[in-house]
Amino acid sequence: MGQQHGEHHTIPLSLYYKILGLLLFLTVITVAVAQVDFGALNTVIAMAIASIKAGFVLAYFMHLKYDDKLYWVLFGTAVFFLIVLFFFSWLDIVTRINPPSIL
Amino acid sequence: MSTVKTSEHRHHAHHFDSAEHEYQSSKFGTWLFLVTEIIMFGGLFVGYILFHELFKETFKVGATFLDWKLGALNTVVLLFSSLTMALSIYYAQQNNKKLVLTNLYITLACGFVFLIVKYFEYTHKIHEGLLPGRYFAYDGPEVAALKELGFSNLGLYFSFYFTMTGLHGSHVIAGMALIAWLIVRAHKGEFNSSYYTPLECVGLFWHLVDLIWIYLFPLLYLVG
Amino acid sequence: MSSSASVASRFMPPQGSEIAANVDSLYAFLLIVSFISCVLVIGGLIYFAIKYRRKHEGEKTPYIAHNTTLEFLWSFIPFVIFMVAFAWGWLVYYQLRSVPENGLEISVLGQKWNWTFTYKSGRASSGEFYVPVDQPVRLVLGSADVLHSFFLPAFRTKQDAVPGRYTQLWFKPQREGSYQVFCTEYCGDQHSSMAAIMHVVSREKYEDWLSNDPYKGLPLADIGQKVHTARCIACHNVTDVKGIGPSFKGLWGRQETMDDGQQYLVDENYTRESILNPNAKIVAGYPKGVMPTFAGQLNEQELLGLIEFIKTLK
Amino acid sequence: MAGTSDPNKNYLNEKSGLWSWLTTLDHKRIGILYMISVMIFFAIGGIFAMLIRVELFSVGPTIMDAATYNRAMTFHGAIMVFMVIIPGIPAFLGNFFLPIQLGAKDVAFPRVNLMSWYCLMIGAAIAFTSLIYHGVDTGWTFYTPYSISTNNGTLFMVLGAFVIGFSSILTGLNFIVTTHKLRAPGMTFWRMPLFVWALYSTAILQVLATPVLAITLLLLAAERLLGIGIFDPALGGDPVLFQHFFWFYSHPAVYIMILPAMGVVSELIATFSQKTIFGYKAIALSSVGIAAVSFFVWGHHMFVSGQSEVAGILFSFITMLVGVPTAIKVFNWVATMYRGSIRFDSPMLYALGFIFLFTIGGVTGIILATVGVDVHFHDTYFVVAHFHYVMVGGTLMAIMGGIYYWFPKMFGRMVDETWARISFVLIFIGFNVTFFPQFILGAMGMPRRYFDYLPAYESLNKISSIGAWTIGIGFLVGLGVILHGLYRGQKSGPNPWGGKTLEWTTSSPPPHENFHVQPVVTAGPYEYR
Ligand code: HEA
Ligand code: HEA
Ligand code: CUA
Ligand SMILES: [Cu+2]
């Protein structure tokens, strides 16, 4: 059965504000970084920063840090299966042999 | 009927052992729902990334048509609304009805701001003919330049732009409707430190909407 | 539906190539393994069902919760079989897909609901085509509208034709004869009649066919009739019965009403436009976008032929 | 805490009137609502099947034209898949028995549960509106670009399936939370009945896979409405990508169809053999295993679609792996019967029928998974025969077995055993007569979705059609048996079969909140000692 501890964790207000500050700062970084061209790495860098932001939202705003570990598992499974979908579709697309027209 | 009026202190639906039990279950259910949302949006992201890899130039040019300042503005608005959403739960835990309401109103207002900004972005694009796939009607120098490089499907970029932001926008609207419902209930004084399950669950949903935008913003506006 | 080509009259279609025989051996292996598995499972089921049927109420049954050896065996043995099937399947697939360099190349276009074959020499035909025996053939498949799939049962091979790109298929015919081609990707109303015949003939006959202009010495109207039978009959009858499109009988010289109420005389220009740009004017009572364009697929002689042919259908 | 104290009150007569049914939050009543709707959809889908078989009885147009045939074929497939076989076991039998088998009073979210039924009904209504717009002729797989250019009915079918998808998601979500949070005291995971394990694994699939269907269908709708072109080669899109997205859902979906059926069969075999199930943990875990692996194999539907060879080989390999946990289950059932005390009531007949037919369906699945052979068999009647063997011979048999097994519990009455067996025999024989010849037809090269065929295929098609009508009669008899049982059946006690799971400890039909006294579990589910 579910764990029955009555007390829920409350996060102090100051931490909330700090997290918002951090998120805004990272937004600025995202924009700033985008002005520089890293070639193929552009997308990777942008996604990495976005994931850090997402991590903070998940951990603090969504209280995942203080919650049942099961939710991380759930979240992870979702992301994992998306990667599977991406991986195989991508594998197909890049390994296709596209013969040219012979006419 | 198996539910008891929830406004009363520490009451819970009949098939649960306790209010805590119900709270934990509802949260579990909400998380599962969020997982389905993540996968649904994720499908779109997968499509986006695949086509992005196939048609790099198209996407790069496409992104230049978006105003990153508006995107950034909306990012800030949503991040801020996430904070106020979290705060409303915090104040419910403190039994502070007034600040619960204030924060909910701010969150709702942020939702409106977001939609208004989106409205301007949309009308601008529609006006220019920057429309999805078949209806793409823009005919500037960029299109010709792309053709030179062998890409003639700029419309595809806008297909992704409109479907992704459109789906996200509809989630913003849904979230706002839920927040409005919370406001009504909060006015009735239904939330307090021992019962705030709806706040928590809608909150999670709202954060997810924010989360998705965190990815959409750089993908669509910045790297393209 | 009828056809002159040989398809299966027995369990499998005839084997047109060596690879077809390889596919059949693999299939035979799978059938035997499957049969043994079924006999074990279903036989065991029936045997136990009869042997241990309830003889009186309240019988005691033993408590058997598991047996590690058995469980290992019935996971491991199927696993091994599956791996053999996979590896063998891979091998056969490899043969099916390893296109030899020196093959005869033919371009195949799928279009609702017709296959067109174009040879390097420019010789084109539709509904049937010829290949020489004992030479590898590479088909490059394209589609003008939706997905189709080119299926040669006697060669145990098939491949989808995907609009917007080319796919390929190869085989080495080893026995002369006529072979059935089906379309096996659903493509609309006439999907089941999108067939063709492949004739595998001797080198000489093939050369003969290739150099032979099918229209040589024919009057235009007869050319038109040939084209009609090959390309148009799926939708346009020459009787009073209307098909997917209007019947050609009595068409010439008629005042035709369009879906926007406009009227046009069916003359040379109208007919030409209807064939090359069918969506420009849509006859009232018929759907838009159904008739494909034939621009680039019919040459001038064939176009004129069609027009002459329609003229004859009073 | 206890349910209603009056022993004559049960969930059926506690409240009355149509409105009390349409607004009910009781999982049992919602289960019954599902039962009624699924049966109606099944009858409609079955009628389409009968029309298909009449048309295919002889060469040439028999009773309809090609356009009508294609619509009948599409409606048959789409109705059977989305409205019958996917909600069939989880939403109907699962809804009714999952909470009871766990010793819970209800599912975790009763309102959501009701909502999921309305999703099914609304979705079905939307799907049926497509009939007004020239119907749908794409086949149940909606492959692009055909589905983009054909008539507007497609849009409604697609949106209907989208809404029905949410029904499935909500059911799955409810079951996961219920299984985690609402188990009775003492009901550990390793004491859960195998039906619950099966539903739990299914629920995971429903929650994780269905959203991809949702987005795929949404994109297809957008494709038609906004011309977005992601799947349309004319606009730079990729139709093969559509197939990836579609099968990423639809392959796991076939396990959404079969896993609950396997759960039912596990219950039936144990009860009617009066013997502890062999390899409880293996069966339970193999459900989870099948669910997990099923996400990696979707490309076996696309071996000749223009997918790359590398991907095809990889998918063929992974597909083979799914066979192993399935084999484990099959062997465990047979082993359970060893030295059992077997009774042949109609539910058991269906369970035996299931193993018989599903094994054939399964091994032919392996034949299809062998990539070199599938190049020949793809999109022929061999595939049609395969999936009817697993879906009809598998899932549908289990549904029928489940209905007869739990009928006394659901309605407090027994069905007429003689007629139930006659119905089984008709269905079983008719089924094999219908679909076995289709394996041969497929091997001979007859493509599927064909309105008309070559004369060489005629005799086998005739046999097949005759078999189909036998199935039809069998199901009509079955319907009669069920209706007769509902109104005239003998009253039954709480445990007519000697079952050991929790549902047999409460009265028949169960009271409003399932148990008169909260059960406490002290042992595993199949303790026949
Ligand atoms: C209930 C639904 C269900 C189930 C359970 C399955 C189970 C399996 N299916 Fe099936 N399948 C469908 C429904 C289902 N399928 C549908 C609907 C389609 C067509 C969709 C369409 O195109 O419209 C399809 C199509 C389909 C294809 C594509 C064919 C094509 O279009 O070309 C393939 C190919 O790999 C395949 C494989 C398998 C395999 C390997 C299994 C395995 O899970 C089976 C495993 C079981 C066993 C193997 C039997 C038990 C084991 C033993 C007794 C051990 C001993 C056995 C051996 C040694 C062989 N299926
Ligand atoms: C669970 C799914 C399911 C079920 C149960 C069935 C059941 C049957 N199917 Fe189905 N079939 C599919 C799923 C299913 N099918 C799918 C997915 C396709 C592919 C579609 C596509 O290609 O897109 C297909 C395609 C398909 C084809 C191939 C069409 C083609 O490719 O051209 C054929 C042909 O014989 C066929 C026949 C049958 C028959 C004879 C039955 C019989 O078993 C049906 C028996 C049932 C009845 C006869 C109903 C009986 C009920 C009553 C009589 C009660 C009456 C009640 C009232 C009046 C209230 N089916
Ligand atoms: Cu072309 Cu089917
Ligand atoms: Cu599959």
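Throughout, protein chains are lettered first and strands after them, A, B, ... in sequence-line order, and every chain is numbered starting at 1.
- For T167(C), the part lying near chain D is the side chain, with the backbone staying farther off; criterion is any non-hydrogen pair under 4.5 Å.
- Legend: side-chain hydrogen bond (donor to acceptor under 3.5 Å, both in side chains) pairs involving residues 308-322 of chain D, not counting sequence neighbours, sorted by first then second residue: T95(A)-S308(D), H300(D)-T319(D).
- With a threshold of 4.5 angstrom between heavy atoms, V41(C) approaches chain D through its backbone and through its side chain.
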Would you check, one step at a time, whether the test ring-ring contact (aromatic ring centres under 6.0 Å, His included) holds for W90(C) with F303(D)? CA-CA 12 Å; W90(C) 181 1; F303(D) 287 146; over 10 Å; no
Mind running side-chain contact (heavy atoms from CB on, under 4.5 Å) on D24(C) and H376(D) for me, showing each step along the way? CA-CA 10 Å; D24(C) 287 1; H376(D) 177 64; over 6 Å; no
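- The contact between V324(D) and chain C is made by backbone and side chain atoms together, counting heavy-atom distances below 4.5 Å.
- A search for side-chain hydrogen bond (donor to acceptor under 3.5 Å, both in side chains) contacts involving D189(C) returns nothing, not counting sequence neighbours.
- If you measure heavy-atom distances from S459(D) to chain C, you find no contacts under 4.5 Å at all.
- Neither the backbone nor the side chain of T141(D) comes within contact range of chain C; no heavy atom of the residue lies under 4.5 Å from a heavy atom of that chain.
- Note on T276(D), L460(D), I360(D): by heavy-atom pairs under 4.5 Å with chain C, the leading option is T276(D).
- Neither the backbone nor the side chain of E458(D) comes within less than 4.5 Å of any heavy atom of chain C.
- For F382(D), the part lying near chain C is the side chain, with the backbone staying farther off; criterion is any non-hydrogen pair under 4.5 Å.
- A donor-acceptor pair shorter than 3.5 Å can be found between the side chains of Y186(C) and N70(D).
- Heavy-atom distances place both the backbone and the side chain of L45(C) under 4.5 Å from chain D.
- Aromatic ring pairs are classed by plane angle as parallel below 30°, tilted from 30° to 60° and perpendicular above 60°; the pair F331(D) and W74(C) is parallel.
- Of the candidates F272(D), F344(D), Y338(D), Y52(C) forms a ring pair (Phe, Tyr, Trp, His ring centres under 6.0 Å) with just one, namely Y338(D).
- Considering P233(D), P239(D), S149(D) as possible partners of V146(C), the one that fulfils the side chain to side chain contact (heavy atoms under 4.5 Å, CB included) test is S149(D).
- K158(C) places a side-chain N or O within donor-acceptor distance of the main-chain N or O of H378(D), the cut-off being under 3.5 Å.
- Neither the backbone nor the side chain of M302(D) comes within contact range of chain C; no heavy atom of the residue lies under 4.5 Å from a heavy atom of that chain.
- Proximity to chain D involves both the backbone and the side chain of F79(C), based on heavy atoms less than 4.5 angstrom apart.
- When heavy atoms are compared at a cutoff of 4.5 Å, E71(C) approaches chain D solely by way of its side chain, counted from C-beta outward.
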